[in-house]
**Student:** 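Starting off with a structure, shown below.
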Amino acid sequence: MELELERFLQQNFGYEAFKLGQKETITSLLEHKDTLAILPTGTGKSLCYQFIGQYLNKPVLIVSPLISLMQDQVEQLRYQGQKATVALNSSLSYSEKRFVLNNLTQFKYIYISPEMLSSNEVLGRLQALDLGLFVVDEAHCISKWGPDFRPDYLNLGRIRHFLGDPLTLALTATATENVAQDIIKELDIKQAELIRYPVDRPNIFLAVEKFTDQAQKDEYLFSIMQKLHGAGIIYFSSKKQAEKIKQQLIAQKISTAVYHADLSLTERFLVQQQFLTGQLDVICATSAFGMGINKADVRYVIHYHMPNDLEDYVQEIGRCSRDGALGVALLLYEPQDLKRQEFIIQKSLPDRQQINYFAKQKALLENFSGEELELLKRLFANGYSATQILELVQIRQKKRTKALFKLLEYIETKECRRQFIATYFKDQAPKHRIKNCCDRDEPFDFSQLKSKNHKILKKESLKTSDYQKILAKLFKDYELK
Amino acid sequence: MTVESRQWLKYFSPTQSRRPAVLKQLLENHLTTSALFWGKAYDLLEYIALPISTANFEAELALLCEQGFLQKTAQGMLLTKKGTKVVQVDLMNHAQFGMPAFFHGFDWKNWEKMFLLMVQVASELSYQNSNYFVIANDLRTQYRFKEWLKKYGKERLLSEVQTSLAEFLSQEDPKLATLFCEQLTGHNQLGKTRNQLATIYDYSLTDLEVLWLDMCSRYAQFLLTKGQALSELVHFYKRNSLLSESNQKTYELFLAQKKLTEIAKIRGLKLGTIQEHLLNAALLLADFPFAQVLSSKLTSELKSFYGETPILEWDFKTLQATLPDISFFEYRLYQIERIIQDGVRT
């Protein structure tokens, strides 16, 4: 069996061997066991369900919380030759949705947003399929107590029953024990096999630098950017600041681009592909960037602003050095960052006034957008009363603030950062290493990073014949005039 | 796209003070009869749905007033002498839309996706590669394109894309053609974003955006004129008529010699709405049959009543005192006819 699985992997996916946790997950599913797999970022979680889809030659339904992530995964699969892949979410127009629903049996991999699953028509169509696997991606969103709670995820247990209790795989990169129990309970997969691998990525050096103000932080960033070579991601909470730092890095002749929600889809595609193909060294990004990005040689992930919690932090630094070579995760902190993040958390949740106002005029919500009101919409749609929402918001506010302060503890710790993270996720704490572990003993030696020098950005002048040359490159047999 | 504040000035005039409100409505494609009337009077209709963001319109105009380029009046804003000088310089030094009127009834956002997709697919085809990330990931564009490909085939795509691009670009300034081509994606070649081009070639982002949108739209027009198979793809995104669907229905019944009251009944609309539809048609179309509403007797009565009075100073109430049976619809239609014939002196 083992050999057969490996041969199948090689023939269908082109990989020589499975990554951490993949084989165990696949084997468990092939033994018809519902499975909760908590696998660290960068271990190729999506391959687990792609493998099952191919192996059983049956359709796979994947519930995924983010449209951008869905789209990336659809493109990845199509690129790998799986053209029968589709994403059913709110970005589809009415006619597109009709087209997909009318042709649902033609698709092998169906990605779907949890909101879309609340439609009876969609459910009816899905019920007619002989599903090989029901996948809940980013399953931690199901936990009411988790920071990423999505109310529609709570319906997934019921929907699973409606679909005839298909074989189920719940996937996440980060779940504490409580969250894991919530997932099993809400999905009603009591006999589920739990596969958990520690979140630790031993090849990533963990470091934090603290500053008194932003100017000092900027100065440090620009100085280390001269030492850091190769591909890297710098994460920001603010689009404006990402733009500003990008400009300054370009002035230092480092090939840099921004990636955030204001970019058009085409620009996002181009920036992402330029980065993946090594044409760009640095991406100044908001958290919109990275899901589904599979670039093995990202050597550094810098957080210019602190993220919301350790879960997000571990996810984001997980994009570093997936090829196993040494990489560095560096968090830059100054006191204003905490206030900024507290404000962001507060803004992401509806306040008492909004809850009471829209509880009386729910239809009005359709005219508004914003993260907090989107959440409110979904809560109302799922039958929550104003009182219940208020209670939930208060709990979430506390949870999120607590999670933020846990991250602050990580920033302040004098102990081994790797052990700190392991303890938080209740993993067995790894031994602190003297070399290339974290900055407890000494700062990171940037010269150790195995990466090519930054590409130098050149200013150019336009030449009149250039467009002909571009056309000649675009079209193989184009005749230059 | 957003523009730098100063670039708003070219849409203003030293004499036509209502321009701010009219311009905003036209850019936002909010085509009320009143906006269309003043747009016609001020010769602004070619800017309908031009892809310029009005998100900061008021704030930017306020800034231009503060800087002395515009001056507030009771009815709106006027271009000052200082502003006029800036416009003259900017028109020389910044990219302009060559065919702004094409954007009216043109879904340029989706055309842009289709255009990039067809170039990418043609390029990959020329290298016989079918394994690549597709630039346009929305289903509708992909579906429409696949249907076209099924109908016309790969060879036709490659040949038409290559030859039409080469021919279209040969008529352009070669440097601008290069900036345009730098943004195309194909086999082993990723387009550059406008931000990147701005950095490499020292162009302003606004100029690059205008250049790209202008050339994208003119290439679409070029394909329509050529009438080859690719023009079918443009037809998905360019409306045939300048009128909205409802206005068009009314206009067709009018051309079929139906009476206005009859049209209102057929369409289940109020007479006033039907009149507005026809005024819109008179304002937007080149060949509106004015004589079908305005008899030669009424036309000559109106002509003698207003004499040499500038058209925009006409007053309906005074007219009514002399011609009590005239409707506002007839008055406005005559006014439009005169604007078309004589232009407006301000």
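Reckoned from all heavy atoms, side chains included, excluding hydrogens, waters and symmetry mates. Per chain, numbering begins at 1; letters A, B, ... match sequence-line order.
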**Student:** Looking at residues at least two apart in the chain, or sitting in another chain, which of them share a ring pair (Phe, Tyr, Trp, His ring centres under 6.0 Å) with Phe275(A)?
**Tutor:**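 Residues passing ring pair (Phe, Tyr, Trp, His ring centres under 6.0 Å) with Phe275(A): Phe289(A).
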
**Student:** Relative to chain A, which segment of Leu116(B) carries a heavy atom at a distance below 4.5 Å: side chain, backbone, both, or neither?
**Tutor:**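 Just its side chain gets close to chain A.
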
**Student:** When only heavy atoms count and the cut-off is under 4.5 Å, which of residues 142-158 of chain B reach chain A?
**Tutor:**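 Within residues 142-158 of chain B, the residues under 4.5 Å from chain A are Gln142(B), Tyr143(B), Leu158(B).
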
**Student:** Heavy-atom distance under 4.5 Å to chain A: side chain of Ser130(B), backbone, both or neither?
**Tutor:**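 Answer is backbone: N, CA, C or O of Ser130(B) sit under 4.5 Å from chain A.
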
**Student:** Below 4.5 Å from any heavy atom of chain B, which atoms of Leu474(A) appear? Answer side chain, backbone, both or neither.
**Tutor:**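 When you check distances to chain B, atoms from both the backbone and side chain of Leu474(A) fall under 4.5 Å.
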
**Student:** Can you see which heavy atom on Tyr467(A) is nearest to which on Leu169(B), and at what distance?
**Tutor:**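 Tyr467(A) and Leu169(B) have their closest heavy atoms at CE1-CB, 3.5 Å.
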
**Student:** Run the side-chain contact (heavy atoms from CB on, under 4.5 Å) test on Phe475(A) and Ser159(B) for me, step by step, so that the C-alpha distance in whole Å, both residues' side-chain angles and the decisive distance to 0.1 Å come before the verdict.
**Tutor:** CA-CA 10 Å; Phe475(A) 307 109; Ser159(B) 126; over 6 Å; no

**Student:** Using every non-hydrogen atom in the two residues, find where Tyr127(B) and Ala472(A) come nearest and quote the distance to one decimal.
**Tutor:**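 Where Tyr127(B) meets Ala472(A) most closely, the heavy atoms are OH-O, 4.1 Å.
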
**Student:** Could you measure the distance from the CG atom of Asn131(B) to the CZ atom of Arg78(A)? Nearest 0.5 Å is fine.
**Tutor:**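 Those atoms lie 13.5 Å apart.
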
**Student:** Please list, in residue-number order, every residue in residues 222-235 of chain B that has a heavy atom less than 4.5 Å from any heavy atom of chain A; write 'none' if there are none.
**Tutor:**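 No residue falls under the 4.5 Å cut-off.
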
**Student:** How many angstroms lie between OG1 in Thr266(A) and NZ in Lys109(B), if you round to the nearest 0.5 Å?
**Tutor:**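 It is 11.5 Å, given to the nearest 0.5 Å.
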
**Student:** Take Gln189(B) and Ile470(A), measure what side-chain contact (heavy atoms from CB on, under 4.5 Å) needs, and give me the verdict at the end.
**Tutor:** CA-CA 9 Å; Gln189(B) 189 173 327; Ile470(A) 299 172; 3.1 Å; yes

**Student:** Examine whether an atom of Leu263(A) lies under 4.5 Å from a heavy atom of chain B, and if so say whether it belongs to the side chain, the backbone or both; otherwise answer neither.
**Tutor:**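 Looking at Leu263(A), nothing touches chain B.
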
**Student:** Measuring from Cys181(B):SG to Asp466(A):CG, what's the distance to the nearest 0.5 Å?
**Tutor:**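 Rounded to the nearest 0.5 Å, the SG-CG separation comes out at 10.0 Å.
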
**Student:** Rounded to the nearest 0.5 Å, what separation is found between the CD1 atom of Ile135(B) and the CG atom of Leu270(A)?
**Tutor:**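 These two atoms lie 5.0 Å from each other.
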
**Student:** Given heavy-atom pairs under 4.5 angstrom as the criterion, report whether the side chain, backbone, both or neither of Val74(A) touches chain B.
**Tutor:**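 Contact with chain B: none, neither part.
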
**Student:** Would you say that more than 12 heavy atoms from the other residues, nucleotides or ligands in this model lie under 6.0 Å from the CD of Glu245(B), or not?
**Tutor:**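 Check fails, neighbour count at 12 or below.
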
**Student:** Could you work out, with side chain to side chain contact (heavy atoms under 4.5 Å, CB included) as the rule, every residue matching Ser46(A), not counting sequence neighbours?
**Tutor:**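 Tyr49(A), Gln50(A), Gln73(A).
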
**Student:** CZ of Phe13(A): more than 12 outside heavy atoms within 6.0 angstrom?
**Tutor:**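 Yes - once you tally the heavy atoms of other residues, nucleotides and ligands closer than 6.0 Å, there are more than 12.
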
**Student:** Could you pull out the closest heavy-atom pair between Leu190(B) and Phe269(A), with the gap in Å?
**Tutor:**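 Leu190(B) and Phe269(A) have their closest heavy atoms at CD2-CE2, 4.3 Å.
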
**Student:** Counting heavy-atom pairs under 4.5 Å with chain A, which one of Glu112(B), His187(B), Gln183(B), Gln162(B) comes out on top?
**Tutor:**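 Counting heavy-atom pairs under 4.5 Å, the top option is Gln162(B).
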
**Student:** Between Thr277(A) and chain B, with a heavy-atom cut-off of 4.5 Å, which part of the residue counts as in contact: side chain, backbone, both or neither?
**Tutor:**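 Only the side chain of Thr277(A) comes within 4.5 Å of chain B.
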
**Student:** About how many Å separate CD of Gln273(A) and OH of Tyr132(B), when rounded to the nearest 0.5 Å?
**Tutor:**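 That separation rounds to 13.0 Å.
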
**Student:** Mind checking the CD-CG spacing from Glu267(A) to Asn195(B)? Nearest 0.5 Å is all I need.
**Tutor:**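 The CG atom of Asn195(B) is 6.5 Å from CD of Glu267(A), to the nearest 0.5 Å.
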
**Student:** Counting N and O atoms only, with roles assigned by atom type, does the side chain of Gln196(B) sit under 3.5 Å from a partner on the main chain of Ala257(A), one being a donor and the other an acceptor?
**Tutor:**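 Not confirmed, Gln196(B) side chain does not pair with Ala257(A) backbone.
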
**Student:** Considering only heavy atoms, which portion of Lys97(A) lies under 4.5 Å from any heavy atom of chain B: side chain, backbone, both, or neither?
**Tutor:**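 Answer is neither: Lys97(A) stays 4.5 Å or more from chain B.
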
